[in-house]
Amino acid sequence: MASHSPTAHFYDTIFARAEKDQQESFLRQLFERDASLCASFWAFINPLPQSSIVEVEDLSAEIAKMQEKTLHYPWDILFEMDPVADEYSSELTDLIDREIIGPYQLKMEVACRTGDLCSALSYLRIIEKGTNVDWENAEEPGSHHIAEVKEHICYQFDFLRSCFLDYIFSVDAVSQAITQAKTYQADANGFFDYSANWGEVSEILEDWLAKAKQL
């Protein structure tokens, strides 16, 4: 499997040369210490069937719920928090994290950590679609920081790509995720257009898969 890690060749140069009982003892202790590694290995050898990856109705319901909350959230609470501020871009994005997308950020990272890449993409989809509302009609100062809102949601795509490079996934999981990302890319417009962001996700997954198949 391709890796950007400086320890990418550790398996061939060190681990594979150890005695089998040493390998087994080390792995046994490692799995006993790290529950997330156990979950990641389970997902690695038991990829989800394509039909169970995304429950479309559940995903749509979560998106609709977030859109409603995003559009009607009392963003003017920021005026009460700091009545004399000249601008509220950082405070607004902090509030978006805390009140709107925070739980899905955590779920996305946990899904990556446990090898469930397709669920991670689903949580990113909820964030992308759930905040993709008409910000011009949002309460001030939300309507005054539209560019900053899009930039902040674009950062969530960067976060997903970073998580992907940090954790372990099977070829099957990545193959399924590529199909999923391309499906999302085909329907990523709205008040904001995130089709390019989904395209970048697809590209990094395809690059990983191509290198993994060369090994």
Side-chain angles (χ1 to χ4, degrees), residues 53-114 116-167 177 180-181 183-205:
I53 290 173
V54 181
E55 295 292 341
V56 177
E57 291 184 2
D58 292 342
L59 195 65
S60 297
E62 290 298 318
I63 289 171
K65 188 188 306 181
M66 186 181 290
Q67 287 179 336
E68 180 73 13
K69 185 174 183 179
T70 301
L71 187 58
H72 299 290
Y73 190 84
W75 301 109
D76 56 355
I77 193 174
L78 291 171
F79 293 137
E80 300 176 15
M81 296 167 61
D82 189 354
V84 298
D86 293 327
E87 60 90 34
Y88 295 89
S89 59
S90 61
E91 292 84 354
L92 177 64
T93 54
D94 287 346
L95 199 57
I96 290 172
D97 285 346
R98 187 167 65 250
E99 297 293 332
I100 306 294
I101 68 176
Y104 294 98
Q105 291 172 315
L106 293 175
K107 289 179 179 180
M108 183 166 61
E109 183 176 12
V110 169
C112 282
R113 191 164 65 239
T114 57
D116 188 359
L117 183 58
C118 290
S119 289
L121 263 63
S122 294
Y123 295 132
L124 179 58
R125 178 64 160 184
I126 293 171
I127 291 173
E128 174 238 327
K129 281 291 190 180
T131 57
N132 201 353
V133 299
D134 185 355
W135 280 87
E136 291 181 351
N137 288 324
E139 288 276 3
E140 297 180 8
S143 58
H144 290 172
H145 294 286
I146 293 173
E148 289 86 349
V149 170
K150 182 176 183 182
E151 181 180 6
H152 189 62
I153 301 305
C154 287
Y155 169 74
Q156 310 310 314
F157 287 87
D158 296 337
F159 179 67
L160 183 281
R161 292 196 298 272
S162 176
C163 284
F164 171 70
L165 295 175
D166 283 343
Y167 297 112
Q180 188 177 354
T183 298
Y184 292 161
Q185 181 183 10
D187 180 26
N189 54 3
F191 188 78
F192 300 123
D193 187 343
Y194 293 106
S195 56
N197 302 88
W198 281 114
E200 291 171 356
V201 170
S202 297
E203 287 175 9
I204 196 171
L205 297 179

Closest heavy-atom contact between [X] and [Y]?
X	Y	result
Ser89	Glu148	CB-CG, 3.6 Å
Leu78	Pro141	CD1-CG, 3.7 Å
Met66	Ile127	SD-CA, 4.1 Å
Ser122	Leu59	O-CD1, 3.6 Å
Ser202	Gln185	OG-OE1, 4.2 Å

State whether the side chain of [X] and the backbone N or O of [Y] hold a donor-acceptor pair below 3.5 Å, judged by distance alone.
X	Y	value
Thr114	Ala111	yes
Asn132	Phe191	yes
Gln180	Cys118	yes

Flag side-chain contact, heavy atom, 4.5 Å: [X] against [Y]:
X	Y	result
Glu99	Tyr73	yes
Arg98	Leu95	yes
Phe159	Glu109	yes
Ile126	Glu62	yes
Cys112	Leu160	yes
Glu151	Tyr155	no

Quick check, are the ring centers of Tyr184 and Tyr194 under 6.0 angstrom apart?
-> no

Answer yes if the ring centres of Tyr88 and Trp75 are under 6.0 angstrom apart, and no otherwise.
-> no

Separation between [atom1] of [X] and [atom2] of [Y], rounded to the nearest 0.5 Å:
X	Y	atom1	atom2	result
Phe79	Glu139	CZ	CD	9.0 Å
Leu92	Glu140	CG	CD	12.0 Å
Glu200	Arg161	CD	CZ	5.0 Å
Thr183	Arg125	OG1	CZ	8.5 Å
His145	His152	NE2	NE2	13.5 Å
Ser143	Asp134	OG	CG	10.0 Å

Under the 6.0 Å and 45° cation-pi test, does Lys107 pair with Tyr104?
-> yes

Taking atom types as modelled and ignoring hydrogens, do the side chains of [X] and [Y] form a donor-acceptor contact shorter than 3.5 angstrom?
X	Y	answer
Glu128	Gln156	no
Gln105	Asp97	yes
Asp193	Ser195	yes

Side chain to side chain contact (heavy atoms under 4.5 Å, CB included) test vs Val149 passes for just one of Thr93, Ile96, Thr70, namely Ile96

Exactly one candidate in Leu121, Val201, Leu117 meets side chain to side chain contact (heavy atoms under 4.5 Å, CB included) with Phe164; the answer is Leu117

What's the verdict on side chain to side chain contact (heavy atoms under 4.5 Å, CB included) for Ile146 and Phe192, showing C-alpha distance, side-chain angles and the deciding distance?
-> CA-CA 10 Å; Ile146 293 173; Phe192 300 123; 3.5 Å; yes

Asp187/Lys129 salt bridge by N-O under 4.0 Å criterion = yes

